[in-house]
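Working notes, beginning with the structure itself.
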There are 2 protein chains.
Amino acid sequence: MKDIALKLISMFKEGYCTPQISQVAKKLKEPSTTIHYNIKKLEKEGAIRSYKAVFDYKKIGEGYCTYILTRLTAEKYGHPEEVAEKLAQDPRVESVDIVTGDYEILIKLRVKDIDEYYAFVKESVNKYGFAKTISLASLKQIKTEFVRL
Amino acid sequence: MKDIALKLISMFKEGYCTPQISQVAKKLKEPSTTIHYNIKKLEKEGAIRSYKAVFDYKKIGEGYCTYILTRLTAEKYGHPEEVAEKLAQDPRVESVDIVTGDYEILIKLRVKDIDEYYAFVKESVNKYGFAKTISLASLKQIKTEFVRL
DNA sequence: TAATTAGTTGAATATTATTCAGTTTTTATG
DNA sequence: CATAAAAACTGAATAATATTCAACTAATTA
């Protein structure tokens, strides 16, 4: 077999999708050319960044979801954006925000299980300069990425 | 004019998109029918929940993003799922999780500005039984929904 | 109010998804 | 290990959909 599924999942996580113009046209009872025009406009303005898939993360082996709040070490403190940019490159990271409060960065992590979670944190402490972290494990996800699960 | 843009945004937030089979086929150098077969399989298994758009939220008037941790009142405590389900129906809510720690629910909220944020919190205290809340405002979003901004 | 720009739309074309039937590969079973 | 059954793969044909274009209409600006 070719194990295409894994490749598809990683591609659809970020993009490789497109709007269904004719379906939208039907729903809104407008000509498909009008819908087409309006979508292209939103894309040109940069209002739409990407078209992507939302998964049942348990079923794709990413059932363990955690929110990690982190404070950076003295040397990294003051440059949270650099750290955040690096974190954003990690495919396990769903989102990264610089936030207000006692902790600089909020990470949403999706991994298979608690072992992979631990591997991420252990690796990150040195790699990114995490001084202190608080983790909130998601016990149940009701809605993600605007999609109800 | 017909103000189609607003309707498109709300539709694409949750769905009305589809995978680009031929583009994926090109990228992976596989026949498009093979890609088609594998995608349909993922959909049937329920691994893919939806195809949707990711926006530049500032440009669609939802530039103010907050993470809200909340503890429920005594009467609601023990039934966080009911509250979470109601919260999930709100279009301003991007995600809702039941989490570990001192607070039961973690909400990711997207609104226009701090006034709309305040309106949400004020309204929620009574509506959902929020006893105590901590809010972390996102100062900068580096990555959201697996998409780099 | 004339001129320019932005938005709408139908018809034609180009592109893409889907179906189907045949093939290969993998898995299960005696 | 042989064989049957199921799952995965694929090319050719068809169906569906997106895109282009040119004409038109509405809105905005000078």
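- Contact check, A:H36 against D:dT19: a side-chain N or O comes under 4.0 Å of OP1 or OP2.
- Looking at heavy-atom distances under 4.0 Å, A:S22 makes contact with sugar-phosphate atoms alone, never a base.
- Between B:K112 and B:E62 there is no salt bridge, since none of the side-chain N atoms of the basic residue sits less than 4.0 Å from a carboxylate O of the acidic one.
- Note on B:D56 versus B:K58: no salt bridge recorded, every NZ/NE/NH1/NH2 to OD/OE distance being 4.0 Å or above.
- Bending across the helix from C:dT1-D:dA30 to C:dG30-D:dC1, expressed as the angle between its end axes from five pairs apiece, amounts to 50° (10° rounding).
- Using bins of under 30°, 30° to 60° and over 60° for the plane-to-plane angle, the ring pair B:F120/B:Y128 lands in the tilted bin.
- B:K86 has no carboxylate O lying under 4.0 Å from a charged side-chain N of B:E82, or vice versa, which leaves the two without a salt bridge.
- Of the candidates C:dA11, C:dT8, D:dT10, the closest approach to any side-chain atom of A:T34 belongs to C:dT8.
- For A:Y37, the side-chain atoms get nearest to C:dG7 when compared with the rest of C:dG7, D:dT17, D:dT20.
- Scanning both residues, B:D102 and B:R71, for their nearest heavy atoms gives O-NE, 3.1 Å.
- Along DNA chain D, the nucleotide closest to A:T33 and the one closest to A:K26 are compared, and the more 5′ of them pairs with A:K26.
- The side chain of B:Q20 sits closest to C:dA17 out of D:dA12, C:dA17, C:dT9.
- Rounded to whole angstrom, the span from the NZ atom of A:K40 across to the P atom of C:dT8 amounts to 16 Å.
- With respect to A:E145 and B:K13, no salt bridge is recorded, no charged nitrogen being found less than 4.0 Å from a carboxylate O.
- Between B:Y51 atom OH and D:dT17 atom P the separation is 16 Å, expressed in whole Å.
- Comment: B:K40 does not engage B:E45 in a salt bridge, judged by the lack of any side-chain N to carboxylate O separation of less than 4.0 angstrom.
- When the nucleotides D:dA18, D:dT10, C:dT18 are ranked by their closest atom to the side chain of B:I21, C:dT18 comes out on top.
- The side chain of A:P31 sits closest to C:dT9 out of C:dT8, D:dT10, C:dT9.
- B:I39 places its CD1 atom 12 Å from the C1' atom of C:dT18, with the value rounded to the nearest Å.
- If you measure from atom CG of A:L8 to atom C1' of C:dA17, you get 15 Å, rounded to the nearest angstrom.
- The side chain of B:N38 contributes an N or O atom lying less than 4.0 Å from OP1 or OP2 of D:dC9.
- Atom NZ of B:K44 is separated from atom P of D:dA6 by 16 Å (rounded to the nearest Å).
- The shortest distance between the side-chain N/O atoms of A:Q23 and the OP1/OP2 oxygens of D:dA16 is not below 4.0 Å.
- Separating the NZ atom of B:K41 from the P atom of C:dT18 is a distance of 18 Å, rounded to the nearest angstrom.
- The CG atom of B:L42 sits 10 Å away from the P atom of D:dA8 (whole-angstrom rounding).
- A salt bridge links B:E94 with B:K108: the distance from a Lys NZ or Arg NE/NH1/NH2 to an Asp or Glu carboxylate oxygen falls below 4.0 Å.
- Between the P atom of D:dT10 and the CG atom of B:L28 lies a distance of 12 Å, rounded to the nearest Å.
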